[in-house]
Amino acid sequence: MDEEDRPIWVVEFGKWNVRKTIEEGPRSQELLEKYIDQMALNALNSMNFTADPDTTPQIISIVDLEGFNYRQLASPQSLSFILKKFAFFSQAISKYVSVAYMVNTNFVAETMINLLRPVLGEALSRFEVHGTNKAKWMPKLAQKLPKDQIPE
């Protein structure tokens, strides 16, 4: 939680091998969709909807893209899956995500973000993109989040 009592969710997206999962077939893709949907539901369940009925509760997210590589975007099926899932969640992101800090954003991850801009529109404005130099982005996160809430 941050100082405003918003849950902080960490997503290690760079470790997800979406392409491999998609190539394993429809059953694997269904399971991946299920796990992503469960993660989103858990994030929603972590918010305090009872605090003030006139305000919308929000979360903060740290999206770690370390390990995200070109292979993920080189497959039309995996690219389509990623775009579809982000498009599906774009309204929820716009409504419930205060800010998403994208860290370890390499060239490939930045390319993916640029592909998502037309799909996500308003939702992507909540993303703060940081490169792969931890010495640069860690102090920026430490200024905005409790240090004990930032994972190694």
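A salt bridge links Glu23 to Arg71: one of the charged nitrogens lies within less than 4.0 Å of a carboxylate oxygen.
The aromatic rings of Phe13 and Phe86 stand perpendicular to each other, their planes meeting at an angle above 60°, with 30° marking the opposite boundary.
Counting only distance, with no hydrogens or angles, the side chain of Ser80 and the backbone of Gln77 share no donor-acceptor pair below 3.5 Å. No donor-acceptor pair under 3.5 Å is formed between the side chain of Asp64 and the backbone N or O of Met102.
Of all non-hydrogen atoms in Val11 and Ser61, the two that sit nearest each other are CG2-OG, 4.2 Å.
The line from CG of Leu145 to NZ of Lys140 is 14.0 Å long, rounded to the nearest 0.5 Å. Here CD1 of Ile60 is found 7.0 Å from CD of Glu4. Values are rounded to the nearest 0.5 Å. Summarising the geometry, atom OG1 belonging to Thr105 is positioned 9.5 Å from atom CH2 belonging to Trp137; distances are rounded to the nearest 0.5 Å. Atom-to-atom distance recorded for Leu44:CG and Trp9:CH2 is 9.5 Å, nearest 0.5 angstrom.
Trp16 and Leu41 end up in different hydrophobic clusters when Ile, Leu, Val, Met, Phe, Trp and Tyr side chains are linked at under 4.5 Å.
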**OP:** Apply salt bridge (Lys or Arg N to Asp or Glu O under 4.0 Å) to the pair Lys144 and Glu128, showing each step before the final yes or no.
**Re:** CA-CA 12 Å; Lys144 299 174 183 181; Glu128 217 178 88; 3.0 Å; yes

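Tyr101 has its side chain out of reach of Val63: every pair of non-hydrogen atoms, C-beta onward, lies at least 4.5 Å apart.
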